[in-house]
Amino acid sequence: MVRPYAVKGRTLKKRRVEEPAPDEEERTEDVSEVGEQEGDQIEEIVDERRAEEALDQIPGLPINAPVDRAKRPGVIFVLEKACLEVGKVGKNFQILNSDDHTNYLKKQNCNPADYRPDIIHQALLAVFDSPLAKAGRLQAVYVKTEKGILFEIKPHVRIPRTFKRFCGLMSQLLQKLSITAVGKREKLLNVIKNPVTRHLPVNSKKIGLSYSSDKLVNLSNYVATASDDTPLVFVVGAMAHGVISKDCIDDFVSISEYPLSAACCLNRICSAFEQRWKIT
Ligand SMILES: C[S@@+](CC[C@H](N)C(=O)[O-])C[C@H]1O[C@@H](n2cnc3c(N)ncnc32)[C@H](O)[C@@H]1O
């Protein structure tokens, strides 16, 4: 049973889709449907959602005390192609995964092996658990799903540690488009407009990571020689296969002679900055 976050307000399901006929009940819809809506339609939904200014509250979603990051440089992460797809399984909307929804996915002619939300969960834990994050040096974290939905996670959010609770949170986010801390107006997680570049500092340098890049760099040296005046944005894939998009990437690098997991890459990036900024 997924942790019952109590979210008020209408769901996209209620707003966009009439009650399904019984024989349609197991069809993938709702947010996967939203995910397929390109550009304008998603932006319309985001605008509409913003206009509503609903104070959705998630009892129990803890946050860390925000650290005063004034004037100190921080790192920006973009996690691309995250596999976060919601489907209606029985009566519930769930984030689909290869272990729990094998039969369901096969019935939909989908390859269960492609449904790996555990990758983005591990990746986010790697970032948010790091001493870098605890020292308040995360400037921003953006996640883009395989379907093109972009959302921001505030640096002081505590990511649910169990996979079930993480999936419950993601499912609610993708249906409600934002999640707000209890008693506060601040949106801790928020679906935002594409492209991600509109949210990045103008002078930032976008570094894309891929095993397939010919440019093998020593990450510690790479980070050590970067200027603190240029915010660095690291783009890492949160998918099982494929390569990140090179759109708007300023440097496309490999950081190891071996193919690594996204979480391992993120650990390395965080460690490189911890060395640089003497965070122990
Ligand atoms: C499981 S991998 C995806 C595999 C994909 N074939 C690739 O290498 O891009 C997840 C992400 O980790 C990063 N990654 C994995 N190995 C890497 C390496 N040796 N150098 C740089 N980035 C790497 C990439 O950003 C990749 O998208």
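Counting starts at 1 for both ligands and their atoms, in listed order.
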Give the numbers and elements of all ligand 1 atoms closer than 4.0 Å to a heavy atom of [X].
X	result
V236	25 (O)
V253	21 (C)
C265	12 (O), 13 (C), 14 (N), 15 (C), 17 (C), 22 (N), 23 (C)
P259	16 (N)

F151-I119 co-clustered via ILVMFWY side chain contacts under 4.5 Å: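 F151 does not cluster with I119.
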
Below the 3.5 angstrom mark, is there an N/O of I244, backbone or side chain, next to an N/O of ligand 1?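 By distance alone, the answer is no.
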
Quick check: S261 and ligand 1, any N/O pair under 3.5 Å apart?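 Between S261 and ligand 1, no N or O pair is found under 3.5 Å apart.
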
Determine, considering heavy atoms only, which of [options] sits nearest to [atom].
atom	options	result
atom 11 (C) of ligand 1	C264, A123, G237, S213	G237
atom 4 (C) of ligand 1	S212, G242, G208	G242
atom 8 (O) of ligand 1	Y258, F234, Y211, F252	Y211

Side chains of [X] and [Y]: does their closest heavy-atom pair fall under 4.5 Å?
X	Y	value
K187	I179	no
L124	V143	yes
D118	F163	yes
V223	V75	no

Return yes if a side-chain donor-acceptor contact under 3.5 Å exists between H156 and E186, otherwise no.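 A donor-acceptor contact under 3.5 Å links the two side chains.
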
[atom] - nearest protein heavy atom and its distance:
atom	result
atom 15 (C) of ligand 1	L260 O, 2.9 Å
atom 20 (N) of ligand 1	I255 N, 2.9 Å
atom 25 (O) of ligand 1	L209 O, 2.6 Å

Less than 4.0 angstrom from a charged side-chain N to a carboxylate O is my criterion; do R116 and D99 meet it?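 Salt bridge between R116 and D99, a charged N being under 4.0 Å from a carboxylate O: no.
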
N-O pairing of R276 and D228 below 4.0 Å: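 Salt bridge between R276 and D228, a charged N being under 4.0 Å from a carboxylate O: yes.
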
Establish, for the pair K215 and F252, whether the NZ or CZ atom is under 6.0 angstrom from the six-membered ring centre and no further than 45 degrees off its axis.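 Verdict for F252: no cation-pi partner in K215.
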
M239 and ligand 1 - part of the residue with a heavy-atom distance under 4.0 Å: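 Near ligand 1, M239 shows its backbone as well as its side chain.
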
